[in-house]
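Report on the structure given below.
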Amino acid sequence: MIVDSSKSKLFSSIGQRATFGLACLELIKKYKNLMVLTADVSTSAGLDRYKNKFGENYLDVGIAEQNMMGIATGLSTLGYNVFTTTFAPFQSMRCLEQIKVNQGYMKKKVTMVGIASGVVLGTLGYTHCCVEDLSIMKSIPGLTILSPSDGSEVVKSVFAAAEHEGPVYIRLTGGSNSKVVNTNDYNFKIGQPIELIPGSDIIIFATGSILGNCIEAANELKNDNNMSIAVINVHTLKPIEKKYIIEKVKNHKKIMTIEEHSLQGGLGTTINQCLIGNISSNQKILNLGLPDNYATSGEYSYLLEKYSLLKNGIKKKIIDFLKIR
């Protein structure tokens, strides 16, 4: 899927959720059998225009996520290319048994889109935050996990999921006025990470919208401290090209992972598993993410700052990590 780079700023200003709605407007041009299901989140998922224009290809089941997955499975069996969406904790956990049986065990092709994942809804408390979905959804056999970094990559993820043969979970993070990560078009391939910035002092693997902060931190450290920091966009958590990860870290003594997810079972765990038995004793790994607890609620920027996930916090973590021998 080629994404018009001139739309990157638009996607950034409206955020990943609203971009998903725009992507569906384009997707139905290619897939006339597209069926989008929501659990009372048409506005939150940016789908109002789609709903009004393609009412025959849209179904709102109300606040009934478990039922939504059963309906989605039936529609998939009938030959529809089905997308479901609601807020990430409800898309991933409230209907987990249905996902396990219908998408995991029965291998029915349904693309599940978890909106507002991470801590962007921190003002609503941890009932609406989602810091566990990667670890939970990764545990379902045969389920592909995508975590786009910006609006352009949301569009690419949606089209890739529609073309993919099996079930997919797409994790959408960040809010409106998010950072543009991908300024040029590129080949999006499920499972294949992308190097955004080359570097030699340290290598950073990151996923989701937090990549924008990683890029800012890397560029400032290069300009102010003459540091050479590689940044890798891991847009697919499962499957992942293990050989690529191993090859990329060969010449780096310091390896970091950064994510807006619990340190239990997310990107850090995935990279660590790739590297077990494949790094030398003088190489060190630092995993940066959210702690293994439900902490205080608060504004998005406050929570990111609290856990060193804003630009300045990431910079400090990099500097301190490079000092370790």
Side-chain angles (χ1 to χ4, degrees), residues 16-18 20-21 23-25 27-28 31-118 120-121 124-147 154 157-158 161-162 164-173 238:
Q16 293 195 14
R17 283 193 274 165
F20 168 65
C24 288
L25 286 170
L27 190 64
I28 197 168
Y31 297 95
K32 302 302 182 183
N33 64 336
L34 177 65
M35 184 64 75
V36 179
L37 278 63
T38 71
D40 197 33
V41 297
S42 64
T43 301
S44 298
L47 287 164
D48 283 344
R49 286 175 61 191
Y50 176 89
K51 174 181 68 174
N52 293 332
K53 190 172 182 179
F54 301 103
E56 294 297 314
N57 299 80
Y58 174 85
L59 181 62
D60 191 330
V61 305
I63 305 175
E65 292 83 0
Q66 294 164 322
N67 192 36
M68 177 174 70
M69 296 314 301
I71 295 170
T73 300
L75 290 169
S76 175
T77 302
L78 291 173
Y80 287 95
N81 200 329
V82 185
F83 278 67
T84 65
T85 186
T86 184
F87 290 105
F90 315 135
Q91 175 67 93
S92 60
M93 286 178 277
R94 183 169 290 172
C95 48
L96 184 58
E97 184 180 4
Q98 285 71 26
I99 294 171
K100 169 191 171 180
V101 175
N102 297 328
Q103 281 63 63
Y105 183 55
M106 295 171 61
K107 301 179 182 178
K108 293 297 182 179
K109 174 180 166 55
V110 173
T111 298
M112 298 154 280
V113 182
I115 63 174
S117 193
V120 68
L121 296 182
L124 299 179
Y126 271 77
T127 57
H128 282 64
C129 292
C130 195
V131 301
E132 320 90 344
D133 52 341
L134 290 179
S135 59
I136 290 169
M137 300 298 267
K138 276 169 50 186
S139 69
I140 303 296
L143 187 63
T144 293
I145 314 293
L146 304 180
S147 177
V154 169
S157 296
V158 165
H164 189 63
E165 291 185 0
V168 179
Y169 176 66
I170 302 178
R171 183 185 203 240
L172 303 187
T173 53
K238 182 185 177 183

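Each residue takes its place number in the sequence, starting with 1.
- Atom CG in Asn33 sits 10.0 Å away from atom OG in Ser76 (nearest 0.5 Å).
- Applying the salt bridge (charged side-chain N to carboxylate O under 4.0 Å, His left out) definition to pairs two or more places apart or across chains, none involves residues 37-47.
- Residues Thr127 and Pro89 approach most closely at O-CG, 3.7 Å, considering heavy atoms.
- Rounding to the nearest 0.5 Å places SG of Cys130 at 11.5 Å from CG of Leu172.
- Residues meeting the side-chain hydrogen bond (donor to acceptor under 3.5 Å, both in side chains) test with Asn102, sequence neighbours left out: Thr73.
- Atom CG of Asn81 and atom NZ of Lys32 lie 13.0 Å apart (nearest 0.5 Å).
- A ring-ring contact (aromatic ring centres under 6.0 Å, His included) check over residues 56-79, counting only residues at least two apart or in different chains, returns nothing.
- Each salt bridge (charged side-chain N to carboxylate O under 4.0 Å, His left out) pair with one or both residues in residues 68-95, not counting sequence neighbours, appears once here: Glu65-Arg94.
- Counting only residues at least two apart or on different chains, the salt bridge (charged side-chain N to carboxylate O under 4.0 Å, His left out) pairs with a member in residues 43-54 are Asp48-Lys51.
- Every residue meeting the side chain to side chain contact (heavy atoms under 4.5 Å, CB included) condition with Cys24, not counting sequence neighbours, appears here in chain and number order: Phe20, Val36, Leu47, Tyr50.
- The two residues Ala116 and Leu121 have their closest heavy-atom pair at CB-CD1, 3.7 Å.
- Taking Gln16 as the reference, nothing meets the side-chain hydrogen bond (donor to acceptor under 3.5 Å, both in side chains) condition, with sequence neighbours excluded.
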With side-chain contact (heavy atoms from CB on, under 4.5 Å) as the test, would you mind laying out the steps for Gln103 and Ile140 before giving the verdict?
CA-CA 8 Å; Gln103 281 63 63; Ile140 303 296; 5.7 Å; no
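- Within the model, atoms CG of Leu134 and OG of Ser92 stand 9.0 Å from one another, a figure rounded to the nearest 0.5 Å.
- Contact check for Gln91 versus Met68: side-chain heavy atoms found under the 4.5 Å cut-off.
- For residues 125-142, the salt bridge (charged side-chain N to carboxylate O under 4.0 Å, His left out) pairs, not counting sequence neighbours, are Asp133-Arg171.
- The minimum heavy-atom distance between Ala39 and Ala64, with the atom names listed, is CB-N, 4.5 Å.
- Within a 6.0 Å sphere centred on CD1 of Ile63, heavy atoms belonging to other residues, nucleotides or ligands number 12 at most.
- Note that OH of Tyr169 and OG of Ser147 are 9.0 Å apart. Values are rounded to the nearest 0.5 Å.
- Taking Leu59 as the reference, Leu37, Val61, Ile71 meet the side chain to side chain contact (heavy atoms under 4.5 Å, CB included) condition, with sequence neighbours excluded.
- Residues in residues 72-92 take part in these ring-ring contact (aromatic ring centres under 6.0 Å, His included) pairs, two or more places apart or across chains: Phe90-His128.
- In this structure a side-chain-to-backbone donor-acceptor pair under 3.5 Å is missing from Lys238 to Met137.
- How far CD1 of Ile28 is from CG of Asn57: 3.5 Å, rounded to the nearest 0.5 Å.
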Enumerate, atom names and distances included, each donor-acceptor pair closer than 3.5 Å involving a side-chain atom of residues 106-114, sequence neighbours excluded.
unit_1: Lys108; atom_1: NZ; unit_2: Thr77; atom_2: OG1; d: 3.3
unit_1: Lys109; atom_1: NZ; unit_2: Ala161; atom_2: O; d: 2.8
unit_1: Lys109; atom_1: NZ; unit_2: Ala162; atom_2: O; d: 3.3
unit_1: Lys109; atom_1: NZ; unit_2: His164; atom_2: O; d: 2.6

